[in-house]
Amino acid sequence: MATLVIITVLCVVLMVVAAWFAIRTSDLVSAVIGSSVVSLMASVLFLILHAPDVAMTEAAIGAGLSTFVFLIAIRKTERYEKDEEQ
Amino acid sequence: MIERFLMNTHYIVLIGVILLLIIGFFGALTKRNLIKILIALGIADTGVNLFFITIGYISGKTAPIFSKNGLTASQMVDPVPQALVLTAIVIGVAVLALGLSIIIRVYEHYGTLNVSRIKRMRG
Amino acid sequence: MSLNPILMIAVPLFVAFSIPLLGYIHKKAGLYAMSATLLFNTFLSFSTLPHAFEKPIRVIIAGYKPPFGINLAITPFSIFLACLISLMGFIVSIYLLKDETTETQEKFSMLILLVVMGATGIVLTGDIFNMFVFLEIMSISSYALTSIRKDRKGSEAGIKFLLVGSISSTFLLLGIAIIYNQLGTLNMADIARRFSQMNPKLAFAAVSFLFLGLGIESEMFPLNAWAPDVYQGAPAPVAALFSAVTVKAGLYAMIRFLYTISNNSSFIKLLMLFGIATVIVSELSALKQTDVKRMLGYSSLGQIGVILFAVGIGTKTALEGAVFHFVNHAVLKATMFLSIGLLAKYAGGSSFEELKGIGKKYPFLAGVFAIGALGVMGFPPLNGFMSKLMILTAAAKAEHVVLVMLVLAASVVEGFYYFRVLQVMFREPEPTRIEKRSVSLAFVIPLVVLVGMIVGIGLFPGVLMPYFKGAAMDILSRGDYISVMLSGGGAL
Amino acid sequence: MKRVSLKKRFRVKNIFVFVVLVYLGFQMLSLGFLLDLKDVKGVAKYYLENDIKDTQSANVVTSIVVNYRGFDTLGEVTVLFLAATGLGAILSGYRKVKKQKILANTMLQYGSKPLLAIIILFGAYIFIHGHLSPGGGFQGGTVIATGFLLMLLALEGYEIKHGYIKWTESLAGLTFVTVGLFGLFLLGSFLADFLPLGKVGNLFSSGVIPIIYVAVGFKVGSELTGLLDNMMGVVE
């Protein structure tokens, strides 16, 4: 039981850190990888919360497919976020 | 109090959910890059999905599949949120793909992904 | 005994899925299939109308009785809107038969069909998550339709629309999650029956989330900053569909949620204030515009503000006026968007500069536009007058005199900018650079029908009055909705 | 490292948004304690208790997705269909000068074809067994789409025949609606289960669930494949 709690805490922490990283970094590819880690951790959490169907979907769609879709779009546009206001 | 809080999977995940929502909405409201905004919204979406699953989870119960022998209905977590989240995830990826395709077009016209540099429509 | 109303959703889906294959038969087969399907929907909704007014109908799906399965809740208000939606969809679809908005005709007709199907689903469904799914269907096809021309304005408007729409769906999901956690059900009637059993704080949170989400969908100020861009950037027939169909579905969802499901009087009051704010802000913004399509977008928001205001007052007369205004707004804005779309196509753009003197070149189209404009301003023989009068009388009766004054002031502003457009169109000298082209019959028929509706409804509002009354009764009679949907509805 | 001025790093608006969101987050956390997380209730209880009797499907989530709330799933498939259609319409005619393509290594090039077969088989396994084990049409369809993605990435000049995608997605969608219409004409309610239910645990059981899930699998697979193919775009 205690191990499960530790794993859960680790997943949550990693997920939040990855999310924060995804928002802060100015390299869009890193940001996409960050959001993919968020999805992956979420899918582990779904498994811990006894939702295997959702875990599978999230791993396949959230962590896999949407990452690729993002990467293709970045390839067709630009990779670095230019942070100039106005 | 803190012990009760930390030993309960619900609340650990719930904190994660709220942080994801905060980060997601923060990104969506303050970032200027269109792809970044979509990433942020995706994170918020993941947060909502996780929230749905959390409210369906009941400590000590197991997945809603009658595979092992002797598993009865009273030993299972709530299956409805799981079914709903399946739908929500698929809708999420649909919106995402469509959004990225429009973004590719926007980039083609404006040469930038920066919202403040994409000229506001007038007259 | 007539056809099962579920076919209003199943048949468009069937046709939409088969449109890619119809392309092998004939290049335009998809378009005709779309139009025929919408005609079928119109027919079916009108034939269901009298039955539903007798007694609301509950249609069970997959054989499970509510709250266990999803069901359609066909009440007077919802079937009335379904009629409006499919009729407007059909009229616009005739226009689309000849319209060359995009080279991807096949995909375009699928999207149009599904936007109408989504709106129909929203007004008919009796399950809150199912309503969310239909809202998504409607909004995703709207995003795609907004940017289907792949031009600058369309893409920009489309991405704005999409980002705001995703925020809205996040809010909706959060609200639904809280409600499900508390009540363990997703059926709207069941939620309505037990809504007071929710923890008050959580109930407040859920209502606020759904209010925000639906506020975006129903283009309520201050959540509507994206809307003028969309009206301007989308192709004209699509803009006509948006103001005639999708907003109506969003407003329906808002009304159904606030009145039937949560019955939260403070949020209903809030709707009144937001409505007034919507009217004032959008009418004032419309004044500054130099593009007629964008101006129409703001004007459309102003009308929606009037509807929200009426819904917020919440008396029976006000709701009748609101339902009446639903119809008027749909008809008028469809007329104006369709005619301005054609004028803009012939003139090369929709700015004031480009439309100078167009009324002399195309008297018919500009005349249709003028009738629409007069209708919106509320000139007595036309339809816009009666509904506004009903709403304002109801507001005055409810002693919101200041608000009545504000709405009236906004109407004056409205009159001012519409006259400016008409002046530009008719008083300026005839332009020489524009050639006169003949207007296809497929464009003329819908416009004539719409003008006929404007004048007809204006002259004989009494014909439709029982329907407005029934719909308003339906909004107010929460208990009936619950009991009918949970214990069995009327016969078909 | 580029120095960024402090003012630029911490814009007032951003801080304001952050503070407001954190405040709302705390409010939500306090609401979190009020949530009812004790026991299964309402419709879920009914589903768990009557699942075997009603559908003979071992996976309760599947029977909710396909049977009790099948109408939602139809909508969801439509959403994907719409996204693929809209994306196709918006990106049609999009051409971009080809960027320097990095060739996949030989191993991947030769390995990907047999791998595709295995991936498709795995995807099909997932959606055929949707009523018995975790997984189903959506998961299986996505797995199949990733197989084709692999092909698109690994093989130079690999083309997916658009006709096939079109036919698959249309026929799969039509199957779903037709099954629903059969339910309507035979049993009087749309999507009603008109096939014999069989016995829980068997592959051929649970009435229409396997049929619908296979249709959903094909639909999702072809939809996502088409979507990826369109995203990759016409490269000249």
Side-chain angles (χ1 to χ4, degrees), chain C residues 4 6-7 9-11 13-14 16-21 23 59-64 67-70 102-104 106-108 110-111 114 117-118 121 125 127 129-130 132-134 136-137 140-141 143-145 147-148 150 155 158 178 180-187 190 199 201-202 205, chain D residues 27-28 30-31 34-37 40-47 50 54 66-79 81-83 85-94 165-167 169-178 180-181 183-184 187-193 219:
Chain C
N4 194 323
I6 191 80
L7 292 174
I9 289 157
V11 171
L13 269 179
F14 190 88
F17 287 148
S18 55
I19 281 179
L21 303 182
V59 178
I60 289 170
I61 298 170
Y64 300 103
F68 304 116
I70 297 173
T102 155
E103 75 272 23
T104 46
E106 215 173 70
K107 292 181 170 130
F108 186 59
M110 271 189 263
L111 292 170
L114 288 175
M117 190 280 282
T125 186
D127 185 283
F129 192 79
N130 197 242
F132 167 78
V133 172
F134 278 117
E136 287 300 308
I137 292 180
I140 290 177
S141 32
Y143 311 147
L145 281 171
S147 30
I148 197 149
K150 300 176 271 196
S155 323
I178 295 175
Y180 178 75
N181 173 266
Q182 287 291 296
L183 303 177
T185 178
L186 293 162
N187 183 280
D190 204 20
N199 180 308
K201 278 185 180 168
L202 284 174
Chain D
Q27 291 293 318
M28 277 182 68
S30 69
L31 288 180
L34 302 175
L35 288 174
D36 180 7
L37 304 166
V40 177
K41 61 184 171 307
V43 287
K45 199 164 178 178
Y46 170 88
Y47 292 152
N50 296 285
D54 284 347
V66 182
N67 206 317
Y68 294 109
R69 301 187 64 86
F71 200 49
D72 271 352
T73 307
L74 186 57
E76 180 182 1
V77 170
T78 316
V79 165
F81 175 71
L82 267 174
T85 311
L87 189 135
I90 289 166
L91 286 183
S92 73
Y94 177 81
I165 295 181
K166 223 163 149 180
W167 278 95
E169 68 177 24
S170 284
L171 289 181
L174 290 176
T175 314
F176 197 153
V177 183
T178 315
L181 289 175
L184 179 61
L187 295 178
S189 81
F190 189 64
L191 284 170
D193 200 335
K219 181 119 179 114

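Because the structure is predicted, anything quoted here is derived from the model rather than measured. Computation of the quantities below employed the complete heavy-atom set of this structure, encompassing side-chain atoms and omitting hydrogens, waters and symmetry-equivalent molecules. Note on naming: letters A, B, ... go to the chains in the order of the sequence lines (proteins, then strands), and numbering restarts at 1 for each one.
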Within a strict 4.5 Å, meaning less than it, do heavy atoms of the [X] and [Y] side chains meet?
X        : Y        : value
C/Asp127 : D/Phe71  : no
C/Tyr64  : D/Asp54  : yes
C/Asn199 : D/Asp36  : no
C/Val133 : D/Thr78  : no
D/Val43  : C/Leu186 : no
D/Phe190 : C/Leu7   : no
D/Phe176 : C/Leu13  : no

Contacting region of [X] [heavy-atom separation from chain C under 4.5 Å]:
X        : result
D/Tyr47  : side chain
D/Leu184 : side chain
D/Leu31  : both

Atom pair [atom1]/[atom2] of [X] and [Y] - distance to nearest 0.5 Å:
X        : Y        : atom1 : atom2 : answer
D/Asp72  : C/Ile70  : CG    : CD1   : 4.0 Å
D/Ile90  : C/Ser147 : CD1   : OG    : 4.0 Å
C/Gln182 : D/Leu34  : CD    : CG    : 8.0 Å
C/Ile9   : D/Leu74  : CD1   : CG    : 9.5 Å
D/Leu87  : C/Ile140 : CG    : CD1   : 11.5 Å
D/Arg69  : C/Phe129 : CZ    : CZ    : 7.0 Å

Worksheet item: Relative to chain D, which of C/Leu183, C/Val11, C/Leu21 shows the most heavy atom pairs under 4.5 Å?
Response: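 Most heavy-atom pairs under 4.5 Å with chain D: C/Leu21.
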Practice prompt. Among the options C/Ala62, C/Ala10, C/Pro20, C/Gly184, pick out the one with the most heavy-atom pairs lying under 4.5 Å from chain D.
Written response: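 Among the listed options, the one with the most contacts to chain D is C/Ala62.
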Discussion item. Other residues, nucleotides and ligands only: do more than 12 of their heavy atoms fall within 6.0 Å of NZ on D/Lys45?
Written reply: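 Atom NZ in D/Lys45 is not packed in, count stays at 12 or less.
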Side chain, backbone, both or neither: which part of [X] has a non-hydrogen atom closer than 4.5 Å to chain D?
X        : value
C/Phe134 : side chain
C/Ile137 : both
C/Phe68  : both

Worksheet item: Pick from D/Gly70, D/Gly173, D/Gly86: which one has the most heavy-atom pairs with chain C under 4.5 Å?
Response: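 Option with the greatest count: D/Gly173.
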Item to complete: Examine distances only and state if a side-chain atom of D/Ser189 and a backbone atom of C/Ile61 form a donor-acceptor pair shorter than 3.5 Å.
Response: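 Not at all, since once roles are kept as given, no pair shorter than 3.5 Å links the two residues.
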